[in-house]
Every structure is written in C-alpha cells, then in structure tokens.
2 protein chains.
Amino acid sequence: MTAPLHEARPAGPGRALPDTQQGMRRRNLARVMHTVSAAGPLSRAAVASRIGLTRAAVSTLVDELIRSGLLEELGPERPVRVGRGRPGSALAVSGRGPAGIGAEVGVDHLAVCAVDLRGQVRARIVRHGSNRGRSPAPVVKELTRLVRHVVAEAEREGLWPAGLAVAVPGLVAGDGRTVVRAPNLDWHDTDLGSLLPAELPLTVDNEANFGALAELWLGEGTPRDFLHVSAEIGIGAGVVVDGRLLRGKRGFAGELGHVPVRPDGPACACGGRGCLEQYAGEEAVLRAAGLEPGEDRVGLLAARATEGDEDVRRALRDAGEALGVALTGAVNLLDPESVVLGGALAGLAPWLLPSLRSELAGRTAGPACPVSVSRFGPEGPLLGAAHSVVRAVLDDPAAVAERS
Amino acid sequence: MTAPLHEARPAGPGRALPDTQQGMRRRNLARVMHTVSAAGPLSRAAVASRIGLTRAAVSTLVDELIRSGLLEELGPERPVRVGRGRPGSALAVSGRGPAGIGAEVGVDHLAVCAVDLRGQVRARIVRHGSNRGRSPAPVVKELTRLVRHVVAEAEREGLWPAGLAVAVPGLVAGDGRTVVRAPNLDWHDTDLGSLLPAELPLTVDNEANFGALAELWLGEGTPRDFLHVSAEIGIGAGVVVDGRLLRGKRGFAGELGHVPVRPDGPACACGGRGCLEQYAGEEAVLRAAGLEPGEDRVGLLAARATEGDEDVRRALRDAGEALGVALTGAVNLLDPESVVLGGALAGLAPWLLPSLRSELAGRTAGPACPVSVSRFGPEGPLLGAAHSVVRAVLDDPAAVAERS
DNA sequence: CTATTTCGTCATGGCGGTTTACAAATTAGT
DNA sequence: ACTAATTTGTAAACCGCCATGACGAAATAG
C-alpha cells in the first residue's frame with residue numbers, strides 16, 4: 001500500500017478508494033486532515049460543520065488521527081474561541097510525524113529539503129555547482145548524500161520521511177520515475193528509480209509541474225485554473241485545471257517551448273520552425289543580447305538589464321513579446337484565470353512583463369488574462385516537490401498510519 | 001434536487017456527494033448503472049466483481065434500480081452464460097423510463113432528438129433553413145415546438161424526458177444557460193433559460209464541447225485525452241482531459257480559432273492579428289477559394305473540391321496547413337492522445353487532412369499526434385447533447401428515481 | 001449569579017456492505 | 001444418466017460507520 005503515496009501524479013483527495021464503509025472512513029479521515037491543514041487551528045465542531053459530518057463522527061475521526069500522530073491537540077491553554085459558549089479545543093496538524101522530502105536537480109545546483117505536515121521547511125541543503133553534461137549516476141549519488149543528510153536532520157526533530165519527490169528540468173515519463181529528456185543536463189531515458197535509494201516512495205516530475213503545484217497549494221488566492229510558466233534552456237509550463245495538474249497522455253503536457261510563434265521562423269531541434277524556444281529560450285536570449293553563455297546565465301542577464309544594457313533589455317523585451325504570442329494561444333485554448341511566471345523567469349520578469357502583457361492584451365477580446373510573478377521564484381519547484389509528499393499524506397492518512 | 005442533472009458541466013460520476021452512508025449508496029447505484037450501461041447485459045455477479053462489491057450488496061442495489069425502472073431483467077430465456085455453473089440472469093439498462101432530449105441550434109438548421117438510457121435514438125426531428133441573423137426569440141420558439149413534438153413522440157414509446165441539453169455554435173457562460181456570443185447567429189448575451197420552457201432541467205453548451213462528449217462517450221476506442229475540433233464560421237475545440245471536458249475559468253476554453261498562427265497576419269475581430277480563423281475560418285476559406293457566401297457553404301466547398309476545382313483545393317490545403325500550425329501548439333501544450341475533426345470540418349477532411357498532418361508531423365519530435373475524423377460528423381453535437389442528459393441519469397440514478 | 005450558548009462525548013439506532021450458508025441451475029466427467 | 005464441481009442469487013447474522021438525542025462541561029451575557 002505504498003502506491004497511493006505518489007500523489008503528485010494521480011492526485012485528487014482520496015479518489016479511487018472503493019465505495020465501501022472502509023473507503024468512506026478513509027476519505028473522511030482525509031477530509032479532516034485537509035480541513036485542519038487548510039484552515040489553521042480548528043475545533044472539532046468547526047471541522048464538523050465544514051465537512052458536513054456531525055460532531056460525534058468528527059470526534060472519532062480526530063481521535064484516530066491523534067492516535068496516529070498526524071493531528072495534535074494544542075491544549076487547554078490555547079483554546080479556539082468562537083463567541084459565547086464553551087471554547088473548542090484547538091486541533092492542529094502535527095509538527096512531528098511524517099515529513100515530505102523534496103529534491104531538485106537544477107542546471108547549476110542540487111537542493112533538498114524536508115517539509116513537515118504543517119508546511120514548514122524543517123531542513124534544507126543547497127549545493128551550488130554546474131551539472132551540465134555530468135552523467136546521471138554521479139549527480140544522483142551526490143543527491144542521495146544530500147537526501148540522507150536532510151533525512152537525518154529531520155529525524156533529529158522527530159520527523160520521519162514519508163516519501164521523496166524529485167524535480168528535474170526535463171520531460172518525465174508517465175511512470176513518474178524516468179527522465180525521458182533533459183536537454184540542459186543532456187540526460188536521456190534515465191530511470192532515477194534505479195539510482196536512488198529504494199527506501200522511500202519516489203516521485204519524479206518536471207520542475208514546471210512542481211512549481212505549478214507549489215503555486216496551487218501555497219500561493220495565497222491562487223486560482224484553480226492557471227498556467228505556471230518556467231524556463232531554463234527549455235520553456236515549460238505547468239497547466240493546472242480545476243485544481244489538478246494536466247499531464248497528458250504521455251505526461252508531456254505543458255511543452256510551451258515548442259509552440260509555434262512564427263511558422264516560418266528558424267529551425268528548432270524539435271523538428272519544427274519558429275518555436276517559442278527560438279525566441280525566448282535561454283540560448284536565444286543570450287545570443288540576441290550579445291552575451292557569452294557562462295555559469296549563472298540568468299543572474300548575468302538580470303544584472304546587465306538592471307545596469308541599463310540596451311541590448312540585453314531589447315533581447316528580453318523581444319522574448320517577452322514571443323512569450324506573449326505563445327501565451328495568447330494557450331490562454332485561448334485553456335481559459336485560465338491567470339498566468340504565473342516562475343522559476344528562472346521570475347528573476348527576469350521586470351523586463352519581460354511589459355511587452356508580454358501588451359502582446360497578450362492586444363490579442364485578446366475583452367479583459368486580458370492577468371499575468372503575475374510567482375512569490376516563490378526559483379524556490380517553487382523544490383517546495384512543490386516536498387509538498388507533494390505532504391499532500392499525499394493528507395490525501396490518505398490511513399495509509400501512513402499503517403506505516404508509522 | 002435538479003442541479004445534479006446538469007451533468008455535462010460538473011461531470012464526474014457522482015462526485016461531490018457527501019461522504020456519508022447515503023452518499024455511498026447513491027454512488028454505488030451510479031456505479032452499477034454505469035457498469036451495466038457500458039458492458040452490455042451482465043449478471044449481478046459480473047457487476048459485483050467489476051465494481052468490487054459483494055454479490056449480496058449488488059443484489060440489493062439492482063433490486064432498487066429495477067424498482068425504479070432504470071434497469072430490467074431480460075428474463076430466463078436470455079441468460080448470461082459464463083461457463084460451468086448456474087447461468088446468471090441478464091441485466092440491461094431499461095429501454096423505457098427517462099430519456100435525454102438533445103437539441104441543436106445550427107446556422108442552417110434546427111434539430112431535436114430523444115435518446116433512451118440504452119443510447120438509442122428514439123425520436124428525431126430536423127428542420128432546415130437558415131438562422132443567420134434571426135433574433136433569438138422566434139428561433140427558440142420554433143425550437144420549443146420541435147422539442148414538444150419529440151417529447152410527445154418519446155412519451156408514446158413509454159419514455160419521459162429527464163432533461164434538455166441545447167448545443168449552440170458559440171460561447172456559453174459558466175451558468176450553462178446564457179449564450180455570450182454566437183457570431184454566426186449574431187446573438188449576444190442571450191439567456192436561453194428564460195426563452196425555453198422551464199419544465200425540463202436545461203443545459204446549454206458549445207457545439208464543439210457536445211461534439212467532444214459524443215466522441216468520448218460513443219466513439220469506440222476514443223481515448224480519455226483528446227481534442228475535438230469543429231468549425232463553422234468560428235473554429236472551436238472541445239478539450240477532453242482525463243475523460244472530462246475542460247471548461248476554463250469562464251467556460252471559454254477551446255477557442256482554437258483565435259490562436260495566433262502568424263503574429264503579423266491580418267487583423268481579426270478579436271483584436272489580435274493572424275488568428276487561425278483568418279486562415280481556416282469559413283469566410284477566409286471561401287474568399288481564398290473565390291466563392292460567394294451562400295446557403296450551404298460547407299456543402300459547396302466539398303462539392304467543388306470533389307469536382308477538382310484547383311482554387312478550392314488550394315484554399316482547403318492552406319487552411320489545413322494553418323490548422324496544423326495551431327494544433328501543433330495545442331498538442332505541445334496538452335499532449336492529447338489524438339485529435340478528432342468533427343462538425344463541418346468532417347466533411348472537408350479529405351482535403352484538409354494531408355497538409356494538416358504533414359504540418360503537425362513536421363513540427364513534432366517523435367511520433368506525431370494522430371488526427372482522425374469523427375464517425376458522427378455533423379451529428380456529433382446533437383448526439384452529445386442528448387447523451388449528456390442520459391449520463392446525468394447514470395451518474396445519479398437516485399435523483400431520477402425520486403422524480404419518476 | 002443565572003440563563004444561554006457552544007463544545008465534546010456517550011448511548012442508541014439505522015443503514016449499508018460483508019460474511020456465511022444454502023438452494024438453484026448448469027457443465028464436466030464417469 | 002448420474003454424480004461432482006462450479007457458479008449464481010438470496011437470506012440471516014454481523015460489523016462498521018455515521019446520525020440522533022441527551023448530557024455534562026465551560027465559557028459569555030445580562
């Protein structure tokens with residue numbers, strides 16, 4: 001029963017459980033966890049009215065969750081006051097117990113963190129240094145060391161790892177383990193499952209997808225329908241529809257970088273012509289700006305743009321324009337509530353946004369789709385990965401209780 | 001309790017019912033209906049093993065459904081044989097009881113049909129004649145007459161109408177009643193709910209969406225992730241993701257017609273430039289082919305192309321090319337399993353497909369997304385509409401039993 | 001200080017699926 | 001043809017889960 005933990009993929013609170021009393025119980029446990037997790041400290045009565053069960057039923061559910069160590073009672077010193085009447089006893093998600101381990105394989109860094117059920121980052125390591133062209137085995141070996149380190153640190157705080165989620169800058173197969181293509185790393189058809197320790201349930205996904213999930217779960221007022229655009233060499237988008245990540249048949253959805261912007265434009269590695277990547281991809285922008293590819297390419301662009309370098313600014317303006325054209329297509333197709341720029345794009349937003357927005361507005365009848373910048377910037381994918389494990393626990397607390 | 005009947009919109013078998021024993025019962029009733037409906041005559045034991053309940057539980061569910069008239073026992077003359085052992089008694093969806101009424105407001109016709117729970121069309125009327133520029137009131141009045149006629153015919157066969165679903169060639173608001181914009185008809189912000197008889201639960205939706213649903217529900221081997229493209233003056237797409245229709249925030253998803261194909265192309269009514277509609281829309285194609293707009297425009301194009309008219313063929317080839325560019329973007333974004341051409345496009349497919357396919361293949365790395373033609377052609381939206389009502393009954397049989 | 005309100009829990013009950021057992025209906029094998 | 005094996009459908013007893021209603025506990029309002 002470790003399968004339901006891979007929740008960043010199948011997704012949806014407790015779906016697919018059989019419609020029997022046991023399944024009902026499990027779903028109700030999940031609903032209690034989600035409610036308490038989302039709405040802060042809450043009394044049993046408040047939970048009951050929110051999920052539509054009686055106080056008595058919620059009491060038994062809460063008892064079970066407290067026994068499992070997933071929920072805790074804050075104690076009589078910190079009651080939940082409502083007005084007149086006896087104050088409720090405050091329930092909160094436990095700060096001990098299971099933790100989600102998130103990891104990120106970036107082009108220029110590795111990062112690992114541990115997040116508890118409350119959403120707090122409890123341990124964190126970042127190692128800088130380029131991974132371009134390094135073969136998977138040594139990179140993953142190093143990543144494994146970092147994971148073990150973070151897990152050890154988390155365990156010292158009374159946490160135990162419930163799963164590992166890895167964000168990679170590339171396409172991931174539908175199995176949630178295999179990196180099909182990561183151009184920045186030059187990885188192809190690499191099964192991370194066989195390289196990582198098998199102790200933890202594993203999920204691998206695109207960084208744009210995890211970034212989108214971070215936005216969905218952690219962003220304040222984030223809608224249930226939006227596009228999260230993120231870029232390094234390639235440009236990827238995490239598409240969230242009705243609160244769920246859109247993956248597509250093979251798991252390749254969100255390949256914004258190869259949306260045609262000018263059908264007769266320059267040839268692209270994908271076989272097409274005039275793909276967005278040819279105008280707004282990292283290499284294209286650096287070339288247009290007259291810069292040499294170096295270590296921290298995004299930082300370099302941002303620095304030069306800040307200094308007022310006209311070539312760089314023009315290059316970014318043009319990239320924003322191309323992004324605007326591609327996003328117009330996406331917005332027409334998906335009708336999202338907003339578009340969020342995350343990952344590397346977040347740092348370049350000041351110079352991309354004006355042309356992007358005007359292009360989008362000019363091509364749209366009625367009010368244009370609002371474009372914002374992610375609050376998490378480059379941290380999004382890592383946080384999203386760790387939280388995906390946490391969400392899996394919230395989605396089926398009974399499965400975790402069995403293992404603890 | 002008429003709300004859950006509008007199932008083409010919220011969709012998803014019995015979701016959102018409370019996780020209480022009553023909700024469980026209702027969901028299990030729905031699962032029995034869906035199973036029997038999908039897998040033909042089935043014994044109680046077969047249903048039980050398919051949905052994961054015990055034979056005893058299924059027996060009580062089936063009893064209830066038979067009492068409600070939604071299921072029927074075929075009788076001892078037509079048993080379900082399995083091999084050794086006692087043969088099962090065959091269960092089938094009832095051919096009487098509730099029926100779905102589907103209606104279509106086309107540019108050149110009105111159509112209404114009644115479909116029983118088995119999916120059979122039991123009554124049908126089509127009235128030819130242009131509706132371009134006619135104001136909503138008289139058109140809907142005429143449609144209402146046709147609906148009453150079909151309902152009367154269905155009732156003579158022992159059916160009763162469970163709901164009415166109307167397909168329109170335009171954008172429909174999120175409420176499922178109001179036509180926001182239908183350029184072919186020149187309707188704007190028209191609330192069909194106030195014009196149609198209030199006796200029946202009503203759903204209004206875009207014809208491309210209903211066409212996509214027909215494909216999803218009735219097509220053989222149709223995947224759960226695909227794009228259904230359909231066109232009259234505008235070009236719309238029904239986007240199906242994981243077996244559910246993608247609607248977007250305002251319900252405007254699938255506006256393929258305004259995806260930019262050439263960012264510097266001719267201006268479009270939407271405010272943009274070079275939208276797909278400027279290359280593959282009906283007017284653009286007619287102009288490129290050197291034809292005058294007349295009554296049956298699609299038929300005219302098809303006829304001329306069949307005759308070998310080079311201008312028409314070239315125009316259609318170019319339109320296919322533009323469609324290919326726009327679809328490349330959509331395919332990259334959504335990673336669907338296939339693309340289906342329906343509605344008016346189905347009739348022009350022989351001349352559109354070659355250039356469309358080669359454009360799509362040339363712009364895609366790896367195997368290109370397969371493009372096929374709808375089996376239903378122009379009938380798709382009408383069938384999808386009627387079936388959406390039927391699906392609503394299957395999704396919550398208990399709600400219907402209360403009304404019968 | 002009392003009346004009122006709200007919280008959490010307990011006992012009871014209804015409902016729904018499971019378990020177990022059994023009769024009915026058919027095939028396979030002798 | 002007759003028996004053994006197999007499968008179906010149903011009935012009775014059981015268990016689990018939530019609802020109902022009542023109660024004591026703990027606060028506020030007057």
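If you're wondering where the values come from, they're calculated on a predicted model, not measured in any experiment. Order of the sequence lines sets the chain letters (A, B, ...), proteins ahead of strands, with each chain counted from 1.
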Among the nucleotides [options], which one has an atom lying closest to any side-chain atom of [X]?
X      : options                   : answer
R84(B) : dC18(D), dT18(C), dT27(C) : dT27(C)
R25(B) : dG9(D), dG16(C), dC18(D)  : dG16(C)
A57(A) : dC15(C), dC18(D), dC7(C)  : dC18(D)
N28(B) : dA19(D), dC17(D), dG17(C) : dG17(C)

- Message: Assess whether a salt bridge exists between D19(A) and R27(A), defined as any Lys/Arg side-chain N lying under 4.0 Å from an Asp/Glu carboxylate O.
- Response: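 Judged by the 4.0 Å cut-off on N to carboxylate O distance, D19(A) and R27(A) do form a salt bridge.
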- Between R122(A) and D116(A), is there a side-chain N and carboxylate O pair less than 4.0 Å apart? yes
Please report the distance, rounded to the nearest Å, between [atom1] in [X] and [atom2] in [N].
X      : N       : atom1 : atom2 : result
D63(A) : dC17(D) : CG    : C1'   : 14 Å
L61(B) : dC15(C) : CG    : C1'   : 13 Å
I51(A) : dC17(D) : CD1   : C1'   : 13 Å
L42(A) : dG8(C)  : CG    : P     : 10 Å
R31(A) : dC18(D) : CZ    : C1'   : 12 Å
R27(B) : dC15(C) : CZ    : C1'   : 15 Å
R44(B) : dA11(D) : CZ    : C1'   : 14 Å
L71(B) : dG9(D)  : CG    : P     : 13 Å

- Comparing Q22(B) with G85(A), nearest DNA chain D nucleotide closer to 5' gives the residue Q22(B)
- Message: Pick the closest DNA chain D nucleotide for L53(A) and for P79(A) by heavy atoms, then say which residue is nearer the 5' end.
- Response: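 Between the two, 5'-proximity favours L53(A).
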Counting the atoms with a prime plus P, OP1 and OP2 as sugar-phosphate, which does [X] contact under 4.0 Å by heavy atoms, base, sugar-phosphate, or nothing?
X      : answer
A45(A) : sugar-phosphate
A56(B) : base
T54(A) : base
R55(B) : base

- Message: Judged by each residue's nearest nucleotide on DNA chain C, which is more toward the 5′ side, G88(A) or Q21(A)?
- Response: G88(A)
- Taking only side-chain nitrogens and oxygens of S59(A), does any of them come within less than 4.0 Å of OP1 or OP2 of dG8(C)?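 Answer is no, no contact under 4.0 Å.
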- Task: Can you check whether any acceptor in the base of dT8(D) is under 3.5 Å from a donor in the side chain of R86(B), or vice versa?
- Result: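 By the distance-only test, yes, there is a pair.
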- Message: Let me confirm one number: the CG-OG1 distance from L91(B) to T35(B), rounded to the nearest 0.5 Å.
- Response: 11.0 Å
- Would one find more than 12 heavy atoms of other residues, nucleotides or ligands at under 6.0 Å from atom CD of E73(B)?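 Yes, the 6.0 Å shell around CD holds more than 12 heavy atoms from other groups.
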- Looking at L71(B), V36(B), V93(B), which one forms a side chain to side chain contact (heavy atoms under 4.5 Å, CB included) with L65(B)?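 With L65(B) as partner, L71(B), V36(B), V93(B) yield a single side chain to side chain contact (heavy atoms under 4.5 Å, CB included), made by L71(B).
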